[in-house]
Amino acid sequence: MSKNLVIVESPAKAKTIEGYLGKDFLVKSSFGHVRDLVTKDLSIDVENGFKPLYEILPDKQKMIRELRKMVEGAEVVWLATDEDREGEAISWHLAEVLGLDPAKTRRIVFHEITKSAITEAIQKPRNIDLNLVNAQQARRVLDRLVGFELSPILWKKVKPSLSAGRVQSVAVRLIVEREEEIRAFTSTYAFKVTGLFDVENEFGKAKIKADLPKRFQTSEEAMKFLEICKNAGFKVAEVETKPGKRSPAPPFTTSTLQQEASRKLGFSVSRTMTVAQQLYEAGKITYMRTDSVHLSQMALGMAKEEIESVFGKEYHKSRQFATKSKGAQEAHEAIRPTYLNNSTIEGDAAQRRLYELIWKRTIASQMTDAILEKTNIYIDISTSKEQFVATGEVIKFDGFLKVYMESTDEDVENEEGLLPPLKKGEALGLDEIQAVQKYSQAPPRYNEASLVKKMEELGIGRPSTYAPTISTIQKREYVVKEDRDGNTRDFEQITLKGGQIKSVVKSEKFGFEKNKLFPTDIGELVTRFLVQYFTDIMDYNFTASVEKEFDEIAEGLKEWNQIIKDFYGPFHKKVTETLESREKAKGEKLLGVDPGSGKNVYVKIGRFGAMAQIGDTESEEKPRFAGLRKGQSIESISLEEALKLFDFPRTIGEYEGEDMVVGIGRFGPYVLHMKKFYSLSKTDDPATITAEAAIVLIEEKRSGDANRIITEFAERPDIKVLNGRFGPYISIAKENYKIPKDKTPAALTLQDCLDIAKNSAPTGKKKVAGRRK
DNA sequence: CAGTGAGCGAGCTTCCGCTTGACTT
């Protein structure tokens, strides 16, 4: 047994550190948090100082048992979890759960995984910082109180199984409010004028493009200006050159990596994290969940060496960046390659591309500025006071641009390049002038990565939760990620060329969206409800302001229980009031009157989502209901579309002597035949599908089911060997069992199946409490 | 998967943050 037991959070880290520490040290990992609030109920004693009721996480119990044994044999236990609020709490929970003797327990921290940093940390142990631990407990308790008191209100007042929380509800709010802005937006237009001029001087012939800063509001004004230009002369009024520079972006944090991987590689945030995790476990990059832009001394040294040898001394500039983001805890380094001399790695395409992105960004951050020269050329018009302006930019020294340029979310229209050499007073020939009708654009919708960027700005969520939060708000159906077709619109283009003015009307596409986040009806309804009754929690600054209080707890200036008490009093009162007095929120909207019955037609949210309703609920006669289809929404559905939903179920014909009925259910349109359901394909329209097409569907499903069955047993009809999506399996009653690799599925006898079932656990039924899925 | 919706009531759902595999029919 080793004399020293070191506990870190991540197993990959444990492996590396063990190599540095030698044989007297055994390094183990806690795999993150080991203990949390009991999953069921609030598990906080609000009457007694908000005492939390903790339990060891179910999937950590085995690991804790093993650690306990190792602790017995160890002389010193070193708690080396991360140096932030959560890391301090993990150490404290470990100390509690393992029953550590303070006399033989040391708390150490290090920011980088290098031999010197770790041996140095061992020289400077400290005790667990209980103030920091209490700040974490306050954070944890607050989140549980908010989540577990708000969610049940939604189950009662909106729809079962919904959720609300400090982070997710504000993330949804961002998307809902952006959508409202886009709806309220009315596009205006102006005519943008661009001139193309001919240059002919001692340096040769060239063209120069210049814009008119003034825009015209109407077609007539633009036309009038072109008329004025018809017989005008043009000459260079002034040539202005200004030096400029551009500096590299800091190395990656989780959030900026997600943004750039989305823009440059088209990765979703979860894809980025999965691939980054693979790189981390393979030892290729440093830790991928970080909010720090800090680079270790070792990294700075490696960057210098690499840049000087590949690009030359003049390209290197050592830089250390400062973290700007709200609430950053900086327990780790920035995300960087472990070895900066490897510009590429072995691996699959995604791993190679993400690695190269990280390498370029890191290297560029340690390179010199790009030196630019910006040129403005002002062009006089003999018949007008207006001036054309041509702008150009020349790179005098490329610096970091040799390696990497950060992308932006907005598309940049103007590419500024080199301008031909020109002198003041020089006359220019006119090639053409164009006035083009340009529309103003609505604010852009969020995609996953730009939502993460906004969340980080507001300080809501942490590097480890950005990706899970985005998946939660989609799973709850508050938000959908999808593509939407745009529209087309006409724009006018007026051209002056060869003394002639011509106007043409062209059409352009706009508003096309790809992989953007849209709010659903439920998302909008829940957001409006929460903003109305829980304004403070839904405030974009709520997290930032509670973080300030957590900091005060961490500094020992305030008691955590008192902070929570001050919050909980008014909050809980509001919860009770809302539960008692508020009406259900249904988001009901009157669409119009059904011409058939003369009754009102509504759309609203019910227990199973959005639905249409004919007739009033207060009336004697029971109203009729029909669920909205996928892609339809309360916001946009028309009366005609709503009425069509009531055309189902309808009988479309007979097959084998039984009716075929088309209906629309929870999982979309279907054909019902002999009590069996057959889903329509995406291309079939339930309103027009023919009996022939329905029969094809039925037959296809039947032959598919036949292939599914490998073996059936006459004596036990509840036992079958089946072909599934993941290969053959055994089905007994409702339980499924894996087939051992050394067995041939088709050759299994009934006895074999029973033996396999007896000796193995059924799949998929494993319910681990406290596990989010 | 399974084709519901008023209202009643049973029993269920739910938070954020730290870590990885196990698992999917």
Side-chain angles (χ1 to χ4, degrees), chain A residues 8-13 29-37 39-43 57 59-60 63 81-82 84-87 89-90 93 136 139-155 159-169 277 280-281 287 289 331 460-466 468-469 472 476 543 586 604-613 615-619 622-627 648-649 661 663-670 672 675-677 679 708 722-731 736-738 763-766 768 771-773:
Chain A
V8 297
E9 290 181 40
S10 148
K13 210 172 178 179
S29 145
S30 76
F31 293 83
H33 275 295
V34 296
R35 206 164 68 148
D36 190 20
L37 290 172
T39 335
K40 228 176 103 45
D41 307 325
L42 200 58
S43 302
L57 289 162
D59 51 344
K60 302 291 167 61
M63 185 262 310
T81 52
D82 296 346
D84 58 13
R85 206 161 61 199
E86 299 295 328
I90 291 173
H93 281 298
Q136 192 275 347
R139 197 281 303 157
R140 182 66 191 94
V141 165
L142 177 94
D143 283 337
R144 171 59 69 87
L145 290 171
V146 169
F148 275 38
E149 296 218 353
L150 284 188
S151 300
I153 300 181
L154 297 179
W155 305 343
K159 188 175 133 85
S161 305
L162 294 176
S163 64
R166 173 177 60 82
V167 172
Q168 59 169 288
S169 297
Q277 176 90 27
Y280 169 65
E281 284 174 14
Y287 197 57
R289 288 185 278 263
I460 60 171
R462 303 276 311 129
S464 67
T465 61
Y466 294 136
T469 302
T472 299
R476 297 270 175 274
T543 290
K586 297 186 180 118
K604 63 187 198 182
I605 303 274
R607 269 206 300 152
F608 308 108
M611 62 177 173
Q613 172 186 325
D616 288 86
T617 41
E618 301 83 36
S619 76
K622 204 183 148 182
R624 294 168 64 208
F625 301 97
F648 302 97
V661 178
I664 293 171
R666 175 144 139 65
F667 306 104
Y670 62 89
L672 180 61
K675 293 191 177 163
K676 282 197 167 166
F677 293 93
S679 292
R708 209 166 70 92
L722 300 172
N723 232 332
R725 192 148 61 98
F726 305 97
Y729 66 101
I730 299 167
S731 163
N736 298 326
Y737 298 88
K738 262 185 170 164
T763 59
K765 302 284 179 207
K766 204 173 128 193
V768 183
R771 199 75 183 246
R772 271 193 295 176
K773 192 69 214 158

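The analysis underlying the following values was restricted to heavy atoms, covering all of them including side chains, and did not include hydrogens, waters or symmetry mates. What you are looking at is a predicted structure, and each value in this text was computed from that prediction instead of being measured.
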Contact class for [X] vs. all strands (heavy atom < 4.0 Å): base, sugar-phosphate, or nothing?
X	answer
A/A626	base
A/R85	nothing
A/Q277	sugar-phosphate
A/Y466	nothing
A/G665	base
A/P623	nothing
A/E149	nothing
A/G615	nothing
A/R476	sugar-phosphate
A/G461	sugar-phosphate
A/R144	base
A/S151	base
A/L145	nothing
A/F648	nothing

Taking the side chain of [X] as heavy atoms from C-beta outward, which of [options] is closest to it?
X	options	result
A/T617	B/dT14, B/dA2, B/dA6	B/dA6
A/S679	B/dC18, B/dA2, B/dT14	B/dA2
A/F625	B/dA6, B/dT20, B/dC18	B/dA6
A/S163	B/dC18, B/dC16, B/dT14	B/dT14
A/Q168	B/dT20, B/dT14, B/dA6	B/dT14
A/E86	B/dT19, B/dG17, B/dG5	B/dG17
A/R166	B/dG5, B/dA2, B/dG17	B/dG17
A/T472	B/dG17, B/dC15, B/dT19	B/dC15

Closest heavy-atom pair and its distance - A/F608, A/K159: C-NZ, 4.2 Å
Closest heavy-atom contact between A/S30 and A/K60? O-CD, 3.9 Å
Per-pair stack call A/W155 and B/dT13, 5.5 Å, 30°: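 Whether judged by distance or by angle, A/W155 passes, so it stacks on the base of B/dT13.
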Would you check if A/F148 stacks with the base of B/dC15, given a 5.5 Å centroid limit and a 30° plane limit, both strict?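 Check failed, A/F148 does not stack on base of B/dC15.
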A/S464-A/R289 side chain donor-acceptor pair, cut-off 3.5 Å: no
Atom C1', compared across B/dA22 and B/dC1: separation rounded to whole Å: 23 Å
Whole-angstrom distance between B/dA2 and B/dT25, as gauged at atom P: 14 Å
Under the side chain to side chain contact (heavy atoms under 4.5 Å, CB included) rule, what do A/H33 and A/E86 come out as? Steps first, then yes or no, please. CA-CA 8 Å; A/H33 275 295; A/E86 299 295 328; 2.8 Å; yes
Looking at A/S161 and B/dT13, is any side-chain donor or acceptor paired with a base atom of the opposite kind under 3.5 Å?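 Side chain to base: pair present.
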Polar side-chain contact A/R462-B/dC18 base: donor and acceptor under 3.5 Å: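 Donor-acceptor pair under 3.5 Å: no.
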My understanding is that only one of A/L37, A/L145, A/V141 makes a side-chain contact (heavy atoms from CB on, under 4.5 Å) with A/L42; could you say which?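 Running side-chain contact (heavy atoms from CB on, under 4.5 Å) over A/L37, A/L145, A/V141 with A/L42 returns exactly one hit, A/L145.
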Between A/R35 and A/L42, the residue closer to the 5' end of DNA chain B by nearest nucleotide is A/L42
Which residue, A/P669 or A/P463, contacts DNA chain B at a nucleotide closer to its 5' end, judged by nearest heavy atom? A/P669
Can you tell me if the side-chain N/O atoms of A/S10 get under 4.0 Å from OP1 or OP2 in B/dT20?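 Yes, within the criterion.
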Between A/R139 and B/dC18, is there a contact of a side-chain N or O with OP1 or OP2 at under 4.0 Å?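 Answer no for this pair, as no side-chain N or O of A/R139 is under 4.0 Å from OP1 or OP2.
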Nearest-Å distance for atom pair CZ/P, residues A/R607 and B/dG9: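 About 14 Å, once rounded to whole Å.
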Round to the nearest Å and state the distance from A/K159 atom NZ to B/dT4 atom C1'. 12 Å
Find the distance between CZ (A/R139) and CZ (A/R462) and round it off to the nearest 0.5 Å. 9.5 Å
